[in-house]
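Written below as C-alpha cells is the structure these notes are about.
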Amino acid sequence: MIIAIDGPAASGKGTLAKLIARHWGLPCLDTGLLYRAVARDVHARGFRLPDTWSAVALARSLDPSSLDDPGLRSPGTGEWASIVASISEVRAALLDYQRAFAAQPGGAVLDGRDIGTVVCPAADVKIFVTASPEVRARRRFLERQAQSEAVTYERGLADIQRRDARDAVRESAPMRSAADATLLDTSDLDIEAAFDAAVGLIKRKIGQ
Ligand code: CDP
C-alpha cells in the first residue's frame with residue numbers, strides 16, 4: 001500500500017506520515033529532507049542560490065544516508081530548500097530515489113508537496129493536509145521557541161506565506177492537492193485527532 005501525504009509547511013503532514021507509517025508498519029520518507037539536503041550541500045560549498053548548475057549536480061550525487069542531519073530542519077535550510085525545489089532538473093534528479101522508495105515490497109508512506117500528483121500518481125491513498133497560515137505559523141513558533149531559538153510569530157508567518165507562495169506558483173510540480181486526494185484540515189485538530197481522522201479515511205479508502 002502506498003500512502004501519499006502532501007501539504008504546506010507545518011500542516012502536520014510529517015508527524016502524521018510517521019504515525020501512519022508506524023500504525024501500518026510501513027517505511028516512511030520525508031521527501032522535504034531531500035530538497036533540504038541539496039540546499040545544505042549547495043550552501044556548504046559556498047555557492048549562491050539560485051545556482052542551477054551546482055544544485056542539479058549536487059541533487060544527482062545526493063547521498064540519501066545523509067538525511068538524518070539535525071541541521072536540515074533549520075528555518076534557513078527550509079527557505080533554501082524551496083528555492084532549489086523550484087529547479088525542474090533538481091526535481092527530476094530526485095524522482096527515481098523517491099519512486100524506488102515507494103516501490104518497496106509492502107509499500108511505503110511518503111510526505112511532501114507533489115507525492116500524489118507527480119511522484120506516486122497511482123498511490124492507494126492520497127491525503128492533502130492543510131491548516132490556516134496563522135495556525136501553522138503558531139505551531140512553528142512554539143516548536144522553535146521550545147528549542148530556545150530566537151523567533152517571532154510574525155516573522156514565522158511571513159516565512160510560511162513566502163514559502164507557500166513559491167511552492168504553489170513554481171512551474172515544475174507545484175504544490176497542489178491531487179484531484180483524487182482527500183483534504184484533511186488540521187486547523188482545529190490536535191495531532192491525536194488528526195491521526196484518528198487520517199486512520200479513518202485510510203481505512204475507508206482501502207475497505208478495512
Ligand atoms: O517541514 P516543512 O513542511 O517546513 O518543509 P519540508 O517538507 O521539509 O520542505 C521544504 C521545502 O522543500 C518546501 O518548501 C518545498 O519547496 C520543497 N519540497 C518540494 O518541493 N517537494 C517535496 N515533495 C517536498 C518538499
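Just so you know, ligand 1 is whichever comes first in the structure, and atom 1 is the first atom listed for that ligand.
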Arg170 side chain vs Ala173 backbone, donor-acceptor pair below 3.5 Å: yes
Partner residues of Asp6 under the side chain to side chain donor-acceptor pair (under 3.5 Å) criterion, sequence neighbours left out: none
Ring pair (Phe, Tyr, Trp, His ring centres under 6.0 Å) contacts in which one or both residues fall within residues 58-92, not counting sequence neighbours: His43-Trp80
Side-chain ion pair, Glu89 and Arg60, N-O less than 4.0 Å: no
Test salt bridge (charged side-chain N to carboxylate O under 4.0 Å, His left out) applied to Glu134 - qualifying residues, sequence neighbours left out: none
Neighbouring residues of ligand 1, heavy-atom cut-off under 4.0 Å: Ala9, Ala10, Lys13, Thr31, Gly32, Tyr35, Arg36, Arg73, Ala81, Ser82, Ala85, Arg91, Gly112, Arg113, Asp114, Arg140, Arg163, Asp167, Arg170
Rounded distance [0.5 Å steps], CG in Asp167 versus OG in Ser86: 8.5 Å
